K.L.:
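Here it is, the structure in full.
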Amino acid sequence: MQADSEIKERSQAKLPWIKRLSGTTKIVILLGLSAIGMVSYDTGYLILLTVFALVFFYAAQLKWRKIRGLVYAIIGFTLLNLVLVYLFSPRYGTEIYGTSHVLLGHGFFALTLEELFYLFNMTLKYIFIVPLILAFLFTTDPSELAAGMNRLKIPYKICYAVELSLRYIPDFTREFKQISLAQQARGLEISKKANVWHRIKGSTQILIPLVFSSLDRIEVTTRAMRLRRFGTQKKRSWYMSRPLTKLDHALIITTIILIIIGILLFQVNGGRFYNPFTS
C-alpha cells in the first residue's frame, strides 16, 4: 500500500500544477472570480482578472485542435452580442458615465467614446471568463468535480447529476457522429457539399434517434442506480476526492483576496463602473 501511494504521488508530481489542484479549489476559483468579474466594470480590475485567467489557461496546456471550434463559436457569439448591444442601446455608455464624446456619426446611432469604453469592458469580461472556463473544463475530471462540489456542502445527488451530465457529453458526441455516418450511408447529404438549409434539415433527422437513444441510456442508468440503492444514505464517499494541498490553499486565498479587491473597488468607484471621464 505504501509503495502504491508513493507511485501515485510521483505520477501526480509530473502533472501540470493546474491538474494537481483539487476539484474544490477549481470550483471556488471559477465561481468566485466569475461572479465578481461579471459584476465589476472596473477596467484595471478586469485586466488583472484576465492575466490571472490566462495564467490558468497556459498551465492547462490545451491542444488548439481540441478547442478551436469552441473558441470560434465563442468569438462569433461575442461579436454578435457586442453588435446587438450597440444597435439596441447605442447611448447606454453615455447614460452610465454621464458625458458624451462623439467619435463617428450623428443622431441616435452616433458612436461615442463612452459607448466604446463600455463595449471594451464587456469584451474584457469575455476575454477573462473564456480561458478560465476552458482550463476548468479540460483539466477537471467529472468525478473530481462532483467530489469538490460535495465538499462545499452541496447535496451529493446534485453533484452526481452534474457528474453524469458531463461524463455523457463525449458519449453523446460519439453517438451523434455514428448516427450521422449511418444516415449519410443511406443517402442523407449533410456534408459541406450540401447547402446550409439541407444541412440543418438533415441534422434535425439525426437528433430524433439521438434523443431516443439518450432516453434509453438514462433509463438503464436509473435502474442501475436504484439497484445499488443510490440516495438511501445521507452521505457517500468519493473515489476522486483529493485533500487540499498547500497549492490549493494558496490559490483559494488568492481568489478571496481578488474578490475582496473587487468589492473594495465598488466603494472607491462609487459603484460597479470605473468612470475615467470625470474630472
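Keep in mind the model is a prediction, meaning the values are calculated, not measured.
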K.L.:
Linking I/L/V/M/F/W/Y whenever any side-chain heavy atoms sit under 4.5 Å apart, do I129 and L54 land together?
P.N.:
no

K.L.:
OG1/T25 to CD1/I252 distance, rounded to the nearest 0.5 angstrom?
P.N.:
4.0 Å

K.L.:
Please check: side-chain N/O of T123 versus main-chain N/O of L119, any donor-acceptor pairing under 3.5 Å?
P.N.:
yes

K.L.:
Please evaluate residues I27 and F136 with respect to the criterion side-chain contact (heavy atoms from CB on, under 4.5 Å), reporting the C-alpha separation (whole Å), side-chain torsions for both, the decisive distance (0.1 Å), and the verdict.
P.N.:
CA-CA 8 Å; I27 294 171; F136 175 82; 4.3 Å; yes

K.L.:
What pair of heavy atoms forms the shortest contact from T112 to R91, and how long is it?
P.N.:
CG2-NH1, 3.6 Å

K.L.:
Looking at every heavy atom in both T94 and E114, which two are closest together, and how far apart are they?
P.N.:
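Reported closest heavy-atom pair: N-CB, 3.9 Å.
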
K.L.:
Between D248 and L21 (side chain of the first, backbone of the second, donor and acceptor by atom type, cut-off under 3.5 Å), is there such a pair?
P.N.:
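No: the side chain of D248 does not pair with the backbone of L21.
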
K.L.:
Count I, L, V, M, F, W, Y as connected when their side-chain heavy atoms are under 4.5 Å apart, and connections chain through other members. Are V55 and I127 then in the same cluster?
P.N.:
no

K.L.:
Can you tell me how far CD of E95 sits from CD of E115, rounded to the nearest 0.5 angstrom?
P.N.:
9.0 Å

K.L.:
Mind listing the closest non-hydrogen atom pair of S34 and L132 along with its distance?
P.N.:
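Result for this residue pair: OG-CD2, 4.4 Å.
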
K.L.:
Show, in sequence, the C-alpha distance, side-chain angles and deciding distance for F273 and S40, and conclude whether the side-chain contact (heavy atoms from CB on, under 4.5 Å) test is met.
P.N.:
CA-CA 7 Å; F273 297 90; S40 175; over 6 Å; no

K.L.:
When rounded to the nearest 0.5 angstrom, what distance separates CD1 in I29 from OG1 in T255?
P.N.:
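Rounded to the nearest 0.5 Å, the CD1-OG1 separation comes to 4.0 Å.
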
K.L.:
Side chains of Y274 and N121: is there a donor and an acceptor less than 3.5 Å apart?
P.N.:
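Side chains of Y274 and N121: no pair found under 3.5 Å.
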
K.L.:
At what distance, to the nearest 0.5 angstrom, does CD1 of I96 lie from CG of N275?
P.N.:
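I96 CD1 to N275 CG: 9.5 Å, rounded to 0.5 Å.
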
K.L.:
Give, for atom CG of L48 and atom CG of L265, the distance between the pair rounded to the nearest 0.5 Å.
P.N.:
9.5 Å

K.L.:
In this structure, would Y126 and L84 fall into the same cluster of hydrophobic residues linked by side-chain contacts under 4.5 Å?
P.N.:
no

K.L.:
So does I36 get a backbone contact from the side chain of Y45, meaning a donor-acceptor N/O pair under 3.5 Å?
P.N.:
no

K.L.:
What is the distance from atom CZ of R272 to atom CE of M38, rounded to the nearest 0.5 Å?
P.N.:
11.0 Å

K.L.:
Would you say Y97 and L113 make side-chain contact, with heavy atoms under 4.5 Å?
P.N.:
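A side-chain contact under 4.5 Å is absent here.
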
K.L.:
Less than 4.5 Å apart, any side-chain heavy atom of F56 and any of I133?
P.N.:
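Counting from C-beta outward, F56 and I133 never come under 4.5 Å.
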
K.L.:
Write down the atom of A60, the atom of T139, and the distance for their closest heavy-atom approach.
P.N.:
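The answer is CB-CG2, 3.7 Å.
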
K.L.:
Could you tell me whether the side chain of N269 and the main chain of G271 form a donor-acceptor pair under 3.5 Å?
P.N.:
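Side chain of N269 to backbone of G271: no pair is present.
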
K.L.:
Can you see which heavy atom on G93 is nearest to which on Y118, and at what distance?
P.N.:
CA-CB, 4.3 Å

K.L.:
Hey, any chance Y58 and F128 share a hydrophobic cluster, counting ILVMFWY side chains that come within less than 4.5 Å of each other, even indirectly?
P.N.:
no

K.L.:
Apply the test side-chain hydrogen bond (donor to acceptor under 3.5 Å, both in side chains) to residues N81 and T78: give CA-CA distance (whole Å), side-chain angles for both, the deciding distance (0.1 Å), then the verdict.
P.N.:
CA-CA 5 Å; N81 185 47; T78 302; over 6 Å; no

K.L.:
Taking all non-hydrogen atoms of both residues into account, name the closest pair between H249 and T245 and its distance.
P.N.:
ND1-O, 2.8 Å

K.L.:
Would you mind reporting whether F117 and P276 have side-chain heavy atoms less than 4.5 Å apart?
P.N.:
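Yes, their side chains come closer than 4.5 Å.
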
K.L.:
Does any pair with a residue in residues 59-81 pass ring-ring contact (aromatic ring centres under 6.0 Å, His included), and if so which ones, sequence neighbours excluded?
P.N.:
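Residue pairs passing ring-ring contact (aromatic ring centres under 6.0 Å, His included), neighbours aside: W64-Y72.
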
K.L.:
Under 6.0 Å from the six-membered ring centre of Y41 and within 45° of its axis: does the NZ or CZ of K125 meet both?
P.N.:
yes

K.L.:
So do V268 and D42 actually touch side chain to side chain, heavy atoms under 4.5 Å?
P.N.:
no

